[in-house]
S.K.: 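Before anything else, here's the structure in question.
Just the heavy atoms: all of them, side chains too, but no hydrogens, waters or symmetry mates, feed the values below.
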Amino acid sequence: MRLKLLVALLIVVGPVLAIDATSDAQSRPDSGVRGLALYGPTCPVQRPGRTCVRPYAAWITIRREPKGTVAARVHAGSDGRFTARLRAGQYLLVPRNGKPFPRAKSQSVSVRPHHFTTVTIRFDSGIR
């Protein structure tokens, strides 16, 4: 009896569970932005074979263009990498700058359906 009840329940509820899983997957965009935040220069003189640029853990606000509404805020990890899932459209990446350094410029990006746009944000350390 219990087995028959369980089978009947799975027949009735199973399709509902499948619909919920599908609608959840459809609400998550399969496009967006993948990026790398870099900080430099980190040394006054760059020597051959050495780099004066390193990954940077930074906060980036992503705004929809042209309205400027916030679409996402992402944090680049200690490896400098970040990812934001976004729907297709135009966006402005606005890095959080220090006072006065490090500083980075905002960048416009275009996100196409079913693709991730790659971007590099370069933070200036102010070393000259």
S.K.: To the nearest 0.5 Å, what is the distance between CZ on R81 and CZ on R34?
M.R.: 10.5 Å
S.K.: Using a 6.0 Å cut-off, check whether atom CZ of R63 has over 12 heavy atoms from anything other than its own residue.
M.R.: yes
S.K.: Working to the nearest 0.5 angstrom, can you tell me the gap between R54 CZ and C43 SG?
M.R.: 11.0 Å
S.K.: Show the numbers, then the answer: is there a side chain to side chain contact (heavy atoms under 4.5 Å, CB included) between L93 and F82?
M.R.: CA-CA 12 Å; L93 277 63; F82 64 91; 4.3 Å; yes
S.K.: Write down the atom of A58, the atom of A37, and the distance for their closest heavy-atom approach.
M.R.: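 Reported closest heavy-atom pair: CB-CB, 4.3 Å.
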S.K.: Using side chain to side chain contact (heavy atoms under 4.5 Å, CB included), reason through V45 and R47 one step at a time and then give a plain yes or no.
M.R.: CA-CA 6 Å; V45 177; R47 301 200 189 317; 3.8 Å; yes
S.K.: Please tell me if the side chains of V70 and I62 come closer than 4.5 Å, counting only heavy atoms from C-beta onward.
M.R.: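 No - every pair of side-chain heavy atoms lies 4.5 Å or more apart.
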S.K.: Determine the minimum heavy-atom distance between R103 and G98, stating which atoms define it.
M.R.: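 Shortest heavy-atom separation between R103 and G98 comes out as NH1-O, 3.1 Å.
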S.K.: Supply the atom-to-atom distance H114 NE2 to S31 OG, rounded to the nearest 0.5 angstrom.
M.R.: 7.5 Å
S.K.: Nearest 0.5 angstrom please: R122 CZ to T120 OG1, how far?
M.R.: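 Going from CZ on R122 over to OG1 on T120, the span is 5.5 Å.
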S.K.: For residues A84 and V74, report the shortest heavy-atom separation together with the two atoms involved.
M.R.: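 Taking every non-hydrogen atom into account, CB-CG1, 3.6 Å.
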S.K.: Please find the pair of heavy atoms, one from P41 and one from D124, that lie closest to each other, and give the distance.
M.R.: CD-OD1, 4.1 Å
S.K.: Spell out, yes or no, whether V53 and Y39 are grouped together once hydrophobic residues are joined by side-chain heavy atoms under 4.5 Å, including indirect joins.
M.R.: no
S.K.: Any idea which heavy atoms bring P95 and A104 closest together, and the distance?
M.R.: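 Shortest heavy-atom separation between P95 and A104 comes out as CG-CB, 3.7 Å.
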S.K.: Please round to the nearest 0.5 Å and tell me the distance separating atom CZ of R85 and atom CG of D30.
M.R.: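 Rounded to the nearest 0.5 Å, the CZ-CG separation comes to 7.5 Å.
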S.K.: Please lay out, stage by stage, how I121 and I60 fare under the test side chain to side chain contact (heavy atoms under 4.5 Å, CB included).
M.R.: CA-CA 9 Å; I121 299 177; I60 298 116; 3.9 Å; yes
S.K.: Is it true that V119 and V111 fall in one hydrophobic cluster, defined by side-chain heavy atoms closer than 4.5 Å?
M.R.: yes
S.K.: Could you pull out the closest heavy-atom pair between L86 and A71, with the gap in Å?
M.R.: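 Nearest pair, atom of L86 first, then A71: CD2-CB, 4.1 Å.
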S.K.: First locate atom OG1 of T117, then atom CZ of R112, and finally report the distance between them rounded to the nearest 0.5 Å.
M.R.: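 If I round to the nearest 0.5 Å, the distance is 7.0 Å.
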S.K.: Less than 6.0 angstrom separating the ring centers of Y56 and F123, yes or no?
M.R.: yes
S.K.: Tell me whether V33 shares a hydrophobic cluster with L92, the cluster being built from Ile, Leu, Val, Met, Phe, Trp, Tyr side chains joined at under 4.5 Å.
M.R.: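 In one cluster: no.
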